[in-house]
Amino acid sequence: MLPATVRLRRRVVFDAVVRRGQRCGHGPLAVHVSPGMGSTSVGFIVSRAVGNAVTRNRVTRQLRHLMRDRYRSLPPGTGVVVRALPAAAGRRSADLGGSLDRALGRALTRAADRAETSATP
RNA sequence: CGAGUCGGCUGGGCGAUCGCGGGCAUGGCAACAUGAUCGAGGAACGUCCGGGCUCCAGAGGGCAGGGUGGUUGCUAACGGCAACCCGGGGUGACCCGCGGGACAGUGCCACAGAGAACAGACCGCCGGACGGCUUCGGCCGCUCGGUAAGGGUGAAACGGUGGUGUAAGAGACCACCAGCGUCGCGGGUGACCGGGACGGCUAGGUAAACCCCACCCGGAGCAAGGUCGAAAGGGUCUGCACCACCUAGGUGGCGCGACCUGCGCAGGCGUUUUCAGGGCUGCCCGCCCGAGCCUGCGGGUGGACCGCACGAGCCUGCCGGCGACGGCAGGCCCAGAUGGAUGAUCGCCCAUCGGGAUCGCCGUAAGGCACCCAGGGACAGAACCCGGCGUACAGGCCGACUCGUCCG
RNA sequence: GGCCCCGUCGUCUAGAGGCCCAGGACGCCGCCCUCUCAAGGCGGUAGCGCCGGUUCGAAUCCGGUCGGGGCUA
């Protein structure tokens with residue numbers, strides 16, 4: 001489970017990451033990545049369309065455990081928001097982990113490309 | 001053994017690895033670290049009722065409005081629960097019932113039907129007058145009356161059965177039965193039950209239609225509310241201190257304190273005078289606040305802490321009560337998040353469902369046990385806290401009782 | 001978390017105890033008209049979210065569920 005210091009819990013930061021960050025989806029997940037947030041932080045969005053409270057809680061818990069193994073390898077100061085789509089309900093953690101790796105990897109490379117092009121005009 | 005009724009309990013277990021939240025202890029200025037410990041439910045759900053708590057002025061009166069509706073109790077309270085009564089269902093255990101009033105008044109009862117609430121003559125039945133026919137027995141037509149026993153309509157047709165009676169009939173009269181009203185008697189706290197006398201012969205349904213009766217209900221809700229901040233200002237004052245001016249006393253200035261309000265633009269009403277406006281749910285009375293208020297458009301902030309977890313609390317035993325429940329004694333401390341902790345992954349076992357194999361065991365057989373394979377954990381997640389109700393739920397376990405059949 | 005509101009053909013709606021096996025418009029389907037299409041005409045298709053109750057009778061009244069939507073400092 002993620003330690004409290006890494007959790008993203010402010011409405012403003014959520015909006016900033018979702019609006020300014022790079023978005024990539026794979027399978028039942030969509031990932032927003034925004035570098036330069038000050039400190040590395042991770043947040044989750046699981047809407048009511050995913051299911052009732054029990055299945056929503058299970059999905060967020062699975063995602064939190066998966067991000068716990070991955071947030072240390074992120075570049076420092078990266079803001080990440082993982083959004084669960086309705087298909088995420090009832091998936092095994094291994095499946096969600098695969099989708100998360102692919103979506104996160106693509107979003108990170110895209111964010112890095114964008115930083116390079118803007119840094120070397 | 002079969003069929004069934006009622007009530008209660010339970011809601012996968014064990015292990016390994018890695019984690020999260022709370023308060024506590026220790027160390028540390030602190031961030032934090034370490035340690036032991038606690039960490040979802042019977043419905044945490046729906047938000048349908050009731051209460052605690054907080055604020056609205058100290059929570060007022062009348063009307064309006066809303067709710068409840070057999071009785072007696074239980075309870076902090078309830079629209080909940082228990083026991084009983086009445087009505088209905090079941091052979092029975094038992095189940096179901098928004099179960100006050102229709103002589104306080106008003107409304108409605110479509111269609112069908114002659115007639116639907118001060119009932120009603122369509123057919124039929126009976127009698128009279130007139131006309132026609134006649135085989136002189138009557139028959140037909142028309143008209144005036146009588147008649148609610150019969151037909152037919154309807155959810156419902158103004159007691160039922162039998163008799164007397166009559167031109168035909170009718171509670172017109174009689175007997176029994178059902179039902180209504182009044183007055184006694186006995187039993188019960190009471191709803192009501194049992195039985196008696198008298199009366200009139202009969203009264204439709206609907207109040208989850210208005211309404212009447214009895215009882216209950218002020219409004220909002222923890223995003224309540226409080227402290228601090230963003231954030232700076234404006235106003236009032238019976239307050240306090242100081243200074244100045246003038247005649248005892250007052251006026252002005254400045255600071256502190258308390259309270260109210262809180263940005264910009266536009267429009268409207270008001271600021272004199274007991275008057276705009278606001279609050280006490282709507283109206284009236286009564287009362288309070290009062291120099292600002294209302295409407296529209298646009299913008300800012302949308303943070304921290306308290307409230308916040310010892311409570312109508314849980315467990316055990318005894319006592320009272322048919323029971324709901326209450327009393328006493330002893331013991332226990334039992335989630336507290338805020339983008340929201342209470343878990344993730346893996347292995348084994350158990351309950352259970354599907355399929356296979358018909359080689360093992362029991363059995364005449366259906367089938368059961370064992371074996372193999374894959375699937376696989378029901379409904380569902382605290383958010384201020386309790387008491388209920390309602391709804392969802394794979395299965396498993398226990399107890400009491402009823403009916404039927406067989407054996408003794 | 002709390003407080004409210006609404007459910008009628010595929011869509012938007014009327015209906016407020018019987019006149020309604022629910023009316024209208026846009027749709028959809030078929031036929032007529034036309035050389036063909038459109039327009040026009042005729043006919044049809046379909047609905048009271050669900051389950052109980054009150055009543056002789058319910059889209060309407062009452063209760064319970066299910067679904068959708070709104071507000072909050």
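In what follows, chains carry the letters A, B, and so on, assigned in the order in which the sequence lines appear, proteins first and then strands, with residues in each chain numbered from 1.
For the pair F44(A) CZ and A344(B) C1', the interatomic distance rounds to 12 Å; values are reported in whole Å. Regarding N52(A), its CG atom lies at a distance of 11 Å from the P atom of G67(C), rounded to whole Å. When the C1' atom of G343(B) is taken as reference, atom CG of L66(A) falls 13 Å away, rounded to whole Å. When rounded to the nearest whole Å, the span between CZ of R70(A) and P of G19(B) equals 16 Å. Distance R58(A) CZ to A40(B) C1': 17 Å, rounded to the nearest Å. Atom NE2 in H65(A) sits roughly 4 Å away from atom C1' in A344(B) (whole-Å rounding). For the pair N57(A) CG and A44(B) C1', the interatomic distance rounds to 12 Å; values are reported in whole Å.
When each of G339(B), C346(B), C18(B) is scored by its nearest atom to the side-chain atoms of I45(A), the top-ranked nucleotide is G339(B).
When the C1' atom is compared between C333(B) and C315(B), the two are found 12 Å apart, to the nearest whole Å. Taking atom C1' on both G120(B) and G141(B), the two are 27 Å apart, rounded to the nearest angstrom. Nucleotides U55(C) and C212(B) are separated by 22 Å at their C1' atoms, to the nearest Å. Distance check on atom P: A312(B) versus G347(B) gives 48 Å, rounded to whole Å. Using P as the reference atom, U8(C) and A59(C) are 15 Å apart when rounded to the nearest Å.
Proximity of R7(A) to the phosphate of A341(B): no side-chain N or O atom is located under 4.0 Å from OP1 or OP2. Note on R64(A): a side-chain N or O is less than 4.0 Å away from OP1 or OP2 of A341(B).
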